[in-house]
Amino acid sequence: SCYFFCFKQKTAYEIKECDWSSDVCSSDLTEVNASSGGKFSIDGQGANEDNNKKEKQWSFDKILYCAFIFFAPLFFLPFTLSPVGTNKQMFVGIVIFLLLIYVLARLLTKGKIEFPRTFALCAVVILFLAVLVSAIFSQAKAISFLGNSPDSLFWVAMYVLSFILGVVILRDKKVIIMSAVSYILSMGVLAIFSFLQFSGIKILPFDFAQTTNFNTIGTTFAVGFVIAAAFVALLSFLIVRPIENKKLKIGLWTLLAVLALFILQVNLWSMWLALALTFVVISVVVGYANINNKKEFNLKPLFIPFLVVIIALLGLFIQFVVPTFLNVPSELGPTFSATMGITKDSLSGIHALYGTGPGTFAYNYSQFRSVDVNQTQFWGTQFSQGYSAFLTYMSTWGILGILSLLFVLLAFYKTLLMGLMNRARENFGSTLYGIALGAFGTSIFLGIASFVYRGNIVMYLLLFIAAAVGMAALYKMKAPKLWRLSFLDSPIAMLVSSFVVILVISSVLATFNFLSKNYLAQ
């Protein structure tokens, strides 16, 4: 078979079959609208012009995914014992599963799907399987499978699905830009609310919101890391994408100043370390992009990243005192050496491979903590996480799980970095390039944070979403190649895919049966 077109009065007729051995083509003609220039490519792209226009229109999945990015960090409800954790779990689960069912239904309807060709997709699936093995062998299966800890199988599935759905849904420039706008607006609301809350101005009427440390993220320092990640994203965008609209420019730089002020108020050494390392990487990428920029050579964008690195290093080594007007409560947690000891003792024997199970660090702490703690005022304090997320998950996921996490981070960074390098010459200074660079910076910062700070649900959601947005932006710049899966020509593939969809929907219903009972109990 081959494709070629006959033109008649600005109308194109696609001849679907052609026998090269004869001079006669089949008369199976499909009328399609001709483009204004009358140009059609040999692969039939002109015939798909209407379909492409339809794909660029807003749809349910695009709107819901952008809304999810905005509301996920902010969502809470006053109806349960845990107003933030329990309600955020239900919200994220409902939205992600709705998106999953919608995408699967569209897959069965169209019989095909395409997404960027990156081994990051394989990496996130491997991470899920590794955590699944750990949950299966856990002695606390209810907590390991559907618990609300950041390392439970449920939340790992949410991280993985948010990434996969992102690279599938974010297909056109408009929705990619809107996803970035949703993220920045959400972080702006979070920063303003946190300023008011930590300064003693309570705008919510609920009793649980009258405490100073209440927020919609988790711990106080977790809010700082989330806002610092937004600072990295916005600054990375602004240093490569000049804003022509004066009002928009003033608004974005004002928001950046608000985010920077909050970082100074928190003044946490681990945050300074993550910022310094992140902007060293950003500086290298921007410098390389400027050298290879075919439009103009300009090293001015490097000034601000260098300045941030210097300030972060001063905060890290000098630990300067910043006048503060916020009441930032301190956080308690096991020390590095104590966490290492607990991790070492918990990974004995076969547990070294798959750990003690997701969400079980509190049990490991009770069993393997030092007896010297009993002589202190913290003898009755229970810690659900260790010194850092990395050490905690090494204890609960084991060697397989922690290697899978490192593989995911490596896949994210390699894909985003190579895409930014490859598209620097043609796209440096464009909106999509700025979004991709901001997403790369956010993923770098949150990845480093997992080694120096405890895990948090919102932090990991934003890490995986940032990677998805960055890869989607690179796809629109034609950086990664595509994988195209089609089931139209294979009845067996259609049968298997239908079975998978039924299995997924059944798993979703079973999951929500358990979560709804837990929610009603709360």
> Please confirm whether the backbone N or O of A362 pairs with a side-chain atom of S366, one donor and one acceptor, at under 3.5 Å?
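Pair found, side chain donor or acceptor close to backbone of A362.
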> Take a 6.0 Å sphere around CG of D207 and say whether it holds more than 12 heavy atoms from other residues, nucleotides or ligands.
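It does not: D207 CG has 12 such atoms or fewer within range.
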> Hydrogens and angles aside, do N87 and T80 bring a side-chain donor and acceptor to less than 3.5 Å of each other?
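Distance-only check passes for N87 and T80.
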> Report yes or no: does S144 contribute a side-chain atom to a donor-acceptor pair with the main-chain N or O of P358 at less than 3.5 Å?
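The answer is yes, because a donor-acceptor pair under 3.5 Å joins these two groups.
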> Can you find a heavy atom in the side chain of L391 that is under 4.5 Å from one in the side chain of F336?
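Yes - at least one pair of side-chain heavy atoms lies under 4.5 Å apart.
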> Does F71, at its CZ atom, have more than 12 non-hydrogen atoms belonging to other residues, nucleotides or ligands within less than 6.0 Å?
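Counting neighbours around CZ of F71, 12 or fewer heavy atoms of other residues, nucleotides or ligands fall under 6.0 Å, so no.
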> Determine whether a donor-acceptor pair (N or O, by modelled atom type, separation under 3.5 Å) exists between the side chain of K88 and the backbone of A72.
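Yes, K88 side chain to A72 backbone: donor-acceptor pair under 3.5 Å.
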> What are the two closest non-hydrogen atoms of T511 and F97, and how far apart are they?
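Reported closest heavy-atom pair: CG2-CE1, 4.4 Å.
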> With rounding to the nearest 0.5 angstrom, report the CD1 to CD1 distance, I227 to I263.
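The distance works out to 8.0 Å.
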> Side chain to side chain contact (heavy atoms under 4.5 Å, CB included), that's the test. Do F451 and L409 meet it? Break it down for me.
CA-CA 12 Å; F451 292 90; L409 294 178; 4.2 Å; yes
> Would you please indicate yes or no on a ring centroid separation below 6.0 angstrom for F145 and F514?
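Ring-ring flag for F514/F145: false, centres at least 6.0 Å apart.
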> Got a donor-acceptor contact below 3.5 angstrom from the N456 side chain to the I217 backbone?
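At least one qualifying donor-acceptor pair exists.
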> Are F193 and L204 packed together at the side-chain level, in the sense that at least one heavy-atom pair is separated by less than 4.5 angstrom?
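Yes, close enough: below the 4.5 Å cut-off.
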> Can you give me the closest heavy-atom contact between S134 and T396, atom names plus distance?
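For S134 versus T396, the nearest heavy atoms are OG-O, 2.9 Å.
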> Any side-chain heavy atom of F195 sitting closer than 4.5 Å to one from V258?
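Counting from C-beta outward, F195 and V258 do come under 4.5 Å.
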> Compare all side-chain heavy atoms of I136 with those of Y354 and state whether any distance is below 4.5 angstrom.
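Not in contact.
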> Report yes or no: does W397 contribute a side-chain atom to a donor-acceptor pair with the main-chain N or O of D151 at less than 3.5 Å?
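Flag set: sc W397 to bb D151 pair under 3.5 Å.
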> Taking CZ in F499 as the centre, count heavy atoms belonging to other residues, nucleotides or ligands within less than 6.0 Å. Is the count above 12?
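Open: at most 12 neighbouring heavy atoms sit under 6.0 Å from CZ of F499.
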> Distance-only, no hydrogens or angles: does the S404 side chain make a donor-acceptor pair with backbone N or O of F128 under 3.5 Å?
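No, S404 side chain to F128 backbone: no donor-acceptor pair under 3.5 Å.
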> For residues V226 and Y183, report the shortest heavy-atom separation together with the two atoms involved.
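Taking every non-hydrogen atom into account, O-OH, 4.4 Å.
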> So I350 and L353, side chain to side chain contact (heavy atoms under 4.5 Å, CB included) or not? Walk me through it.
CA-CA 6 Å; I350 193 64; L353 287 178; 3.9 Å; yes
> Examine distances only and state if a side-chain atom of S152 and a backbone atom of N148 form a donor-acceptor pair shorter than 3.5 Å.
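Side chain of S152 to backbone of N148: no pair is present.
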> Any side-chain heavy atom of L446 within less than 4.5 Å of one from Y460?
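A side-chain contact is absent here, since even the closest heavy-atom pair is not under 4.5 Å.
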> Just by distance, do the side chain of T392 and the backbone of G386 share a donor-acceptor pair under 3.5 Å?
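Between the backbone of G386 and the side chain of T392 there is a qualifying donor-acceptor contact (under 3.5 Å).
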> How many angstroms lie between CD1 in I465 and OH in Y65, if you round to the nearest 0.5 Å?
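Atom-to-atom, I465:CD1 and Y65:OH are 4.5 Å apart.
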> Is the distance from the ring center of F464 to that of F412 below 6.0 Å?
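Under 6.0 Å, so yes.
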> CG of N518 to CG of L146: how many Å apart, nearest 0.5 Å?
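Between N518 CG and L146 CG, I get 9.0 Å after rounding to 0.5 Å.
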> May I have the step-by-step check of side chain to side chain contact (heavy atoms under 4.5 Å, CB included) for I342 and Y387, ending in yes or no?
CA-CA 11 Å; I342 294 171; Y387 177 80; over 6 Å; no
> If only atom types and distance count, is the side chain of Q197 paired as donor or acceptor with the main-chain N or O of T211 below 3.5 Å?
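Answer holds: yes.
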> Please report the C-alpha distance between Y453 and T219 in whole Å, then the side-chain angles of each, then the deciding distance to 0.1 Å, and finally whether the side-chain hydrogen bond (donor to acceptor under 3.5 Å, both in side chains) criterion is met.
CA-CA 11 Å; Y453 184 69; T219 62; 2.5 Å; yes
> Roughly how far apart are Q385 CD and Y393 OH, rounded to 0.5 Å?
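So the gap between those two atoms works out to 5.0 Å.
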> How far does NZ of K476 sit from CG of L432, to the nearest 0.5 angstrom?
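So the NZ of K476 and the CG of L432 are separated by 8.0 Å.
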> Less than 6.0 Å separating the ring centroids of F214 and F76?
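Yes, the ring of F214 comes within the 6.0 Å limit of the ring of F76, centre to centre.
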> Of P334, S346, S384, which meets side-chain contact (heavy atoms from CB on, under 4.5 Å) against Y365?
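Single pass found, and it is P334.
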> Taking side chain to side chain contact (heavy atoms under 4.5 Å, CB included) as the test, write out the residues that go with A352, two or more places apart.
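Listed in chain order: L347, I399.
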> Can you confirm whether L332 sits close enough to F383 that some side-chain heavy atom of one is under 4.5 Å from a side-chain heavy atom of the other?
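Side chain of L332 against side chain of F383, heavy atoms only: contact under 4.5 Å found.
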> Quick one: closest heavy-atom pair of M471 and V167, and the distance?
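Shortest heavy-atom contact: CB-CG1, 4.4 Å.
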> Do any N or O atoms from the side chain of T442 and from the backbone of G438 form a donor-acceptor pair under 3.5 angstrom?
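Such a contact is found between T442 side chain and G438 backbone.
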> If every non-hydrogen atom of F154 is compared with every non-hydrogen atom of G93, which pair is closest and at what distance?
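Of all heavy-atom pairs spanning F154 and G93, the closest is CZ-CA, 4.0 Å.
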> Counting only heavy atoms not in Q382, do more than 12 sit closer than 6.0 Å to its CD atom?
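Yes, enclosed.
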> So for atom NZ, which belongs to K202, do other residues, nucleotides or ligands contribute more than 12 heavy atoms lying within a distance under 6.0 Å?
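Yes, NZ of K202 has more than 12 neighbouring heavy atoms, counting only those of other groups under 6.0 Å.
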> Roughly how far, to the nearest 0.5 Å, is CZ of F198 from CG of N327?
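Interatomic distance, N327 CG to F198 CZ, rounded to 0.5 Å: 9.0 Å.
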> Going through the distances and angles, do F445 and L275 end up as a side chain to side chain contact (heavy atoms under 4.5 Å, CB included)?
CA-CA 7 Å; F445 177 84; L275 282 171; 3.8 Å; yes
> Is L326 close to F262 at the side-chain level, that is, under 4.5 Å between some pair of heavy atoms?
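Touching, per the 4.5 Å side-chain cut-off.
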> Measure the shortest side-chain to side-chain distance between L74 and S186 over non-hydrogen atoms and say whether it is less than 4.5 angstrom.
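Yes - at least one pair of side-chain heavy atoms lies under 4.5 Å apart.
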> At their closest point, which heavy atom of I69 faces which heavy atom of S179, and how far apart are they?
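Residues I69 and S179, closest heavy atoms: CD1-CB, 3.7 Å.
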